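The block underneath contains the structure these notes are about, expressed in structure tokens.
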Amino acid sequence: MHAEGFFYQALVYLGATVVSVPLAKRFGLGSVLGYLLAGVLIGPFGLGLVGQEGADVMHFAEFGVVMMLFVVGLELEPALLWRMRVPIVGLGGLQVAATTAVFGAIGLVLGLPWRVAVALGLTLAMSSTAIAVQTLQEKGLMKSSAGKSAFAVLLFQDLAVIPILAVFPLLASGPPAASTTAHDDTWVAHLPGWAQTLVVLATVGAIVFAGRFGLGYVFRTIAKTRLRELFTAATLLLVIGIAVLMTKVGLSPALGTFVAGVVLAGSEYRHELESDIDPFKGLLLGLFFIAVGASINFTLVAESPGRMAAIVVGILAVKLALLFGLGRIFKLTFDQGFLFGAALSQVGEFAFVLLSYGLQERVLPAEVANPAAAAVAISMAFTPLLMLFAEHVVLPRAAVTVGDNRESDEVDEENAVIVAGFGRFGQIVTRLLRLNGVGVTVLDADSEQVDALRGFGHKVFYGDATRMDLLQAAGAHRAKLFIVAIDNHEKAIELVRELRTHYPHLRIFVRAAGRSEAFEFIREGVDHVYRELFGSSIRLGTHALEALGMRAHRAYRAGQIFARHDERVLREMASIRREGDWLSEVRQRTDDVERTMRADIASAAPEIREDSAWDPDSLREDVAQGTFPTPSIRVQTPEAE
């Protein structure tokens with residue numbers, strides 16, 4: 001019966017995930033909101049498919065947060081973390097202190113005893129690492145100023161766990177109830193404060209030391225066995241072991257695994273560790289979000305809907321205003337400040353632990369803790385909606401009415417080529433042009449990126465390339481070529497339209513992420529569209545053919561024929577808009593290229609020096625007109641086949 005219950009619960013949770021998340025993504029709501037809605041649907045206040053065991057599920061699923069912090073740590077170098085020390089300590093410390101003070105003051109105004117008000121303020125100061133990080137990652141905002149600031153605050157909140165737990169017993173108004181949490185089951189619970197600090201520091205130091213000097217050897221030994229499942233088991237053992245160790249010394253397990261991830265960020269096995277953990281992390285995080293949705297007490301909400309609405313709206317509004325203000329103090333722009341506030345305005349999962357601990361220590365009465373727990377869950381559910389509002393309503397208006405506080409640079413040069421966007425793609429193009437004596441004016445709208453690149457000696461001008469005054473100052477009216485290397489597709493389309501309208505003489509070269517983006521640029525009349533992974537993919541395929549024994553010139557020829565055919569198909573397909581026609585055309589074009597490649601293999605002559613497949617279209621035309629010297633191509637001739 002127990003086994004049947006387990007499989008039934010697994011069926012319910014997995015079924016809810018598979019149905020709800022694709023629907024939420026289809027309507028642009030994001031996976032987090034999909035999981036939360038699934039939890040509401042199957043929970044005790046929805047269809048009732050799961051009951052009170054949801055609390056146990058949430059406790060288990062919180063391990064997904066631990067794994068997520070380990071993966072985030074793997075992507076951070078220790079030097080980068082050190083550079084973040086100011087936002088971690090300064091911004092994070094101010095956020096916890098200010099939020100606690102404001103909610104504590106509100107509690108006093110509402111007539112709560114000061115002990116209860118302080119405890120409630122400390123609880124509401126926490127934000128949800130799982131929801132904030134997952135939502136920011138989905139939207140590609142983790143590396144933005146708002147994303148970095150949000151992560152710094154969340155990291156400080158994890159550091160604040162021990163002092164908050166230490167303060168709660170001091171706020172008790174009576175003897176503690178029977179222990180209902182695992183807090184007293186730690187190695188340091190009965191040690192004096194100074195000894196607890198030493199044990200914690202020693203534990204963190206041991207993790208750092210083992211990561212730097214021991215784990216590399218362990219993973220190299222395991223890798224030699226060539227058993228992938230053993231490497232996966234070792235990775236899980238590492239994460240679980242550190243989580244248990246940190247729990248035993250009273251620290252947040254997520255903080256411990258994050259430290260381990262940072263230490264292993266420079267390991268040669270970083271990518272293997274990340275790929276092994278990622279599936280478990282995703283499933284457990286989804287389970288956690290479902291459990292949060294199922295835990296919302298709609299009975300309590302129905303008893304006093306106005307009161308609960310006021311509590312939830314008040315929490316979100318107060319935290320959003322405080323976070324936005326702190327963000328502005330720390331030089332975040334209007335849009336980044338609002339994103340920062342929206343991402344952290346909810347109350348976090350650790351609040352459930354604090355509320356339970358507060359009840360146990362007789363700090364919080366049940367009539368305060370129970371509505372607070374319901375408000376915490378609802379605030380977490382509202383965060384994805386608030387982020388959608390920020391993304392689609394507030395931020396577009398902010399870009400027009402407020403913009404960046406920083407003024408655009410005065411462009412003091414005019415060149416034949418202008419490049420908009422100086423990321424990885426734009427940097428390579430610009431370096432190639434400059435090394436060949438071509439003058440290039442570079443524009444970029446990311447102020448942090450501009451400042452960082454100037455530190456490396458690059459000459460980059462800050463400003464939004466879609467502004468006509470900036471384009472005029474950059475010499476677009478005299479330039480010959482404009483390269484659009486912006487990674488924001490909507491901005492790139494807007495820029496292309498402005499250029500074609502106001503500077504029709506310019507030859508426009510555009511970077512596209514893939515075929516769908518390329519179709520849009522072609523429909524806008526752009527002749528030179530370059531898919532960012534297409535060239536490197538052709539090169540890799542060509543070299544793969546060589547590695548399998550094909551002669552170098554034959555492999556090169558095959559790559560050129562495929563590339564030319566694919567480019568022709570791309571332009572022909574851009575005019576097709578109906579999905580049914582498009583799919584049938586794709587199948588037809590795929591058959592065409594296969595026939596072309598087979599025919600070429602069958603009819604290939606031994607001597608192909610004059611074969612046009614060696615040259616791209618533009619070079620072949622120049623050679624035919626006598627305006628460009630025929631390239632001398634050196635082919636390393638292998639032994640006779």
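Scope of the values below: all heavy atoms of this structure, side chains included, with no hydrogens, waters or symmetry mates. On a predicted model such as this, the values are computed, not experimentally measured, just so you know.
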Side chains of [X] and [Y]: closer than 4.5 Å at any heavy-atom pair?
| X | Y | value |
| --- | --- | --- |
| R511 | D487 | yes |
| D464 | K491 | yes |
| L320 | F338 | yes |
| M387 | L339 | yes |
| M468 | Y503 | yes |
| V417 | L481 | yes |
| F340 | L91 | yes |

From the options L326, T100, L154, L322, select the one residue that forms a side-chain contact (heavy atoms from CB on, under 4.5 Å) with Q95. L326
To the nearest 0.5 Å, tell me how far [X] [atom1] sits from [Y] [atom2].
| X | Y | atom1 | atom2 | value |
| --- | --- | --- | --- | --- |
| M380 | Q346 | CE | CD | 7.0 Å |
| E524 | I493 | CD | CD1 | 5.0 Å |
| I418 | I483 | CD1 | CD1 | 10.0 Å |
| L433 | I428 | CG | CD1 | 12.0 Å |
| F422 | I486 | CZ | CD1 | 14.0 Å |
| F324 | L332 | CZ | CG | 9.5 Å |

Nearest heavy-atom pair of [X] and [Y]: which atoms, and what distance?
| X | Y | answer |
| --- | --- | --- |
| L344 | A150 | CD1-CA, 3.8 Å |
| A342 | T383 | O-CG2, 3.8 Å |
| A485 | G421 | CB-O, 3.6 Å |
| A125 | T99 | CA-CG2, 3.6 Å |
| S379 | V347 | OG-N, 3.2 Å |
| G426 | T430 | O-OG1, 2.8 Å |

Using 30° and 60° as the class limits, which term best fits the ring planes of F509 and H528: parallel, tilted or perpendicular? parallel
Any donor-acceptor pair under 3.5 Å from [X] side chain to [Y] backbone:
| X | Y | result |
| --- | --- | --- |
| Q336 | A146 | yes |
| R500 | G525 | yes |
| N436 | V438 | no |

For K319 and S127, which I'm curious about, is there any donor-acceptor pair between the side chains at under 3.5 Å? yes
Show your working on side-chain contact (heavy atoms from CB on, under 4.5 Å) between V510 and E517 and close with a plain yes or no. CA-CA 10 Å; V510 176; E517 290 83 1; over 6 Å; no
K459, NZ: over 12 other non-hydrogen atoms inside 6.0 angstrom: yes
Report, as yes or no, whether the 6.0 Å neighbourhood of atom CZ on F156 holds more than 12 heavy atoms from other residues, nucleotides or ligands. yes
With sequence neighbours left out, write down each residue that passes ring pair (Phe, Tyr, Trp, His ring centres under 6.0 Å) with F521, or none if nothing qualifies. H489
Sequence neighbours left out, what passes salt bridge (Lys or Arg N to Asp or Glu O under 4.0 Å) with R434? Give chain and number order. none
Audit row: L471, F482, side-chain contact (heavy atoms from CB on, under 4.5 Å) steps and yes/no: CA-CA 10 Å; L471 289 175; F482 201 106; 3.6 Å; yes
Evaluate side-chain contact (heavy atoms from CB on, under 4.5 Å) for V318 paired with L124, printing each intermediate quantity in order. CA-CA 10 Å; V318 169; L124 299 180; over 6 Å; no
